Amino acid sequence: MRFSVNIPNFGDFADPRNVATVAAAAEQAGWDGLFVWDHVLHRRHQGRPFGDPWMLLTAAALATSRIRLGTLLTPVPRYRPQQLARQVATLDHLSGGRAIFAAGLGGPLDDEYRSFGDPAEPRVLAERLDEGLELLGRFWSGEPVDHHGRHYEVRDVTLVPATVQQPRPPVWIGGFWPRRAPMRRAARWDGAVPLFETARHGHPPDVTEVRELVGYVREHRTTGAERPFEFVLGGATPLHPARAKDVVGPLHDAGATWWDERQLQTGPDLDRLPPVLRRIEAGPPVI
């Protein structure tokens with residue numbers, strides 16, 4: 001099982017230098033990944049400074065040599081696919097092939113879409129997500145792309161360099177369980193990053209629900225079976241190793257392959273550097 005640290009892209013972490021500090025500390029303490037949020041507007045946190053996640057991850061890549069880096073998660077419908085393809089490919093090159101791309105609709109939908117005059121109907125966003133993901137995979141190949149779809153058009157475009165990781169960086173898909181459509185989408189890619197309607201943010205999910213989700217995704221996984229598939233769960237663990245094992249161990253047994261530590265995301269310290277560093281330096285859970 002692998003372990004990652006999860007931080008927002010606002011507050012103290014709007015500063016790339018602070019994110020570089022966090023990334024270096026995570027690598028030193030034995031964590032396997034660092035993931036940042038991807039928001040341009042979240043009115044619940046209005047008044048805090050926000051940073052661009054790809055600039056933050058650039059700083060993290062320059063400060064590390066081993067840990068995996070990415071967003072959790074990027075709202076693909078909010079981006080132009082060609083712009084996003086360039087950003088991810090650049091990060092993958094800078095990090096020596098350590099980028100992971102996690103995708104979804106994002107939210108809050110009113111904040112991230114309607115505030116800027118963009119459509120926010122979930123059906124339309126889901127269409128843009130699927131079409132955008134298809135384009136990203138083709139752009140990352142470095143091969144010529146022609147595409148005429150419902151939402152995007154590309155005419156004889158080749159984006160080089162291709163990503164270091166081929167055929168692409170790992171693509172993880174987020175969504176709420178027990179909603180089935182996002183997990184069917186995840187089954188077509190490389191990983192699932194579920195949130196659970198029965199577990200508030202920062203709280204570990206119920207083991208029975210995790211088993212149901214893992215079984216459902218495996219049942220619908222028909223393509224790319226030769227590639228590793230990740231089940232990424234998250235929440236907060238106690239600092240005491242034995243107590244942390246009691247939280248994570250049953251989830252690992254139920255099929256989880258990554259634990260994403262969200263220790264401080266249920267309180268006022270979620271965007272403050274000092275308490276996040278203290279948790280990181282304590283190291284990942286031991287199972």
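Since this is a predicted model, take the numbers as computed values, not measurements.
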Residue pair [X] / [Y]: nearest heavy atoms and the distance that separates them:
{"X": "L72", "Y": "R262", "value": "CD1-NH2, 4.3 Å"}
{"X": "P167", "Y": "R227", "value": "CD-NH1, 3.1 Å"}
{"X": "I287", "Y": "G249", "value": "CG2-N, 4.1 Å"}
{"X": "A24", "Y": "T64", "value": "N-CG2, 3.9 Å"}
{"X": "A60", "Y": "L34", "value": "CB-CD2, 4.0 Å"}
{"X": "Q166", "Y": "A162", "value": "NE2-CB, 3.5 Å"}

- Message: Classify the ring geometry of W258 against F35: parallel below 30°, tilted from 30° to 60°, perpendicular beyond 60°.
- Response: perpendicular
- Task: Measure up the F101 and W140 rings against each other and bin them: parallel (under 30°), tilted (30 to 60°), perpendicular (over 60°).
- Result: perpendicular
Would [X] and [Y] show up in the same hydrophobic cluster when neighbours are defined by side-chain heavy atoms closer than 4.5 Å?
{"X": "L136", "Y": "L69", "result": "yes"}
{"X": "L57", "Y": "W31", "result": "yes"}
{"X": "L213", "Y": "I173", "result": "yes"}
{"X": "L125", "Y": "Y152", "result": "no"}
{"X": "L73", "Y": "F231", "result": "no"}

Verify, without hydrogens or angle tests, whether [X] (side chain) and [Y] (backbone) share a donor-acceptor contact under 3.5 angstrom.
{"X": "D190", "Y": "P170", "result": "no"}
{"X": "E212", "Y": "P178", "result": "no"}
{"X": "R98", "Y": "A61", "result": "yes"}
{"X": "N6", "Y": "E261", "result": "no"}
{"X": "R221", "Y": "W189", "result": "yes"}
{"X": "H220", "Y": "A186", "result": "no"}

What I'd like to find out is whether the side chain of [X] reaches to under 4.5 Å of the side chain of [Y], using heavy atoms alone.
{"X": "Y79", "Y": "Q87", "result": "yes"}
{"X": "E127", "Y": "R123", "result": "yes"}
{"X": "P108", "Y": "R43", "result": "no"}
{"X": "V247", "Y": "P285", "result": "no"}
{"X": "F13", "Y": "V36", "result": "no"}
{"X": "P205", "Y": "V210", "result": "yes"}
{"X": "E197", "Y": "R179", "result": "yes"}
{"X": "T58", "Y": "P16", "result": "no"}

- Query: By the rule that ILVMFWY residues connect when side-chain heavy atoms come within less than 4.5 angstrom, directly or transitively, which residues belong alongside V40?
  - Reply: L41, F116
Spacing of [atom1] belonging to [X] relative to [atom2] belonging to [Y], to within rounding of 0.5 Å:
{"X": "D38", "Y": "F50", "atom1": "CG", "atom2": "CZ", "result": "11.0 Å"}
{"X": "R150", "Y": "D130", "atom1": "CZ", "atom2": "CG", "result": "12.0 Å"}
{"X": "R138", "Y": "D146", "atom1": "CZ", "atom2": "CG", "result": "7.5 Å"}
{"X": "M55", "Y": "L91", "atom1": "CE", "atom2": "CG", "result": "11.5 Å"}
{"X": "L277", "Y": "R272", "atom1": "CG", "atom2": "CZ", "result": "11.0 Å"}

- Message: Set out, in order, the CA-CA distance, both residues' side-chain angles and the distance that settles side chain to side chain contact (heavy atoms under 4.5 Å, CB included) for T158 and V145, then state yes or no.
- Response: CA-CA 6 Å; T158 304; V145 176; over 6 Å; no
- Message: Run the ring pair (Phe, Tyr, Trp, His ring centres under 6.0 Å) test on W37 and F10 for me, step by step, so that the C-alpha distance in whole Å, both residues' side-chain angles and the decisive distance to 0.1 Å come before the verdict.
- Response: CA-CA 9 Å; W37 298 8; F10 51 76; 5.5 Å; yes
Please determine, by modelled atom types, if [X] and [Y] share a side-chain donor-acceptor pair under 3.5 angstrom.
{"X": "E209", "Y": "T198", "answer": "yes"}
{"X": "T237", "Y": "R279", "answer": "yes"}
{"X": "Q165", "Y": "D92", "answer": "yes"}
{"X": "D12", "Y": "N18", "answer": "no"}
{"X": "E112", "Y": "S115", "answer": "no"}

- Task: Given ring pair (Phe, Tyr, Trp, His ring centres under 6.0 Å), test Y216 with W177 step by step and report yes or no.
- Result: CA-CA 11 Å; Y216 184 83; W177 180 260; 5.6 Å; yes
[X], [atom1]: over 12 other non-hydrogen atoms inside 6.0 angstrom:
{"X": "R188", "atom1": "CZ", "value": "yes"}
{"X": "Q28", "atom1": "CD", "value": "no"}
{"X": "R243", "atom1": "CZ", "value": "no"}

- Item | CA sep, side-chain torsions, deciding dist, call: V5, I7, side chain to side chain contact (heavy atoms under 4.5 Å, CB included) | CA-CA 7 Å; V5 174; I7 59 174; 4.2 Å; yes
Do the side chains of [X] and [Y] get close enough for a salt bridge, i.e. N-O under 4.0 angstrom?
{"X": "E230", "Y": "R2", "answer": "no"}
{"X": "R68", "Y": "D32", "answer": "no"}
{"X": "R44", "Y": "D111", "answer": "no"}
{"X": "R155", "Y": "E153", "answer": "yes"}

- All pairs passing salt bridge (Lys or Arg N to Asp or Glu O under 4.0 Å) where residues 13-23 contributes a residue, at least two apart: D15-R17
- Yes or no on salt bridge (Lys or Arg N to Asp or Glu O under 4.0 Å) for D271 and R48, after CA distance, side-chain angles and deciding distance? CA-CA 9 Å; D271 64 341; R48 292 177 164 105; 2.5 Å; yes
- Item | Contacts of D110 that satisfy salt bridge (charged side-chain N to carboxylate O under 4.0 Å, His left out) - sequence neighbours left out | R114
- Of L84, N9, T90, the one forming a side-chain contact (heavy atoms from CB on, under 4.5 Å) with W54 is L84
- Item | Chi angles and distances behind the side chain to side chain contact (heavy atoms under 4.5 Å, CB included) call for F3, D260 | CA-CA 6 Å; F3 300 92; D260 188 48; over 6 Å; no
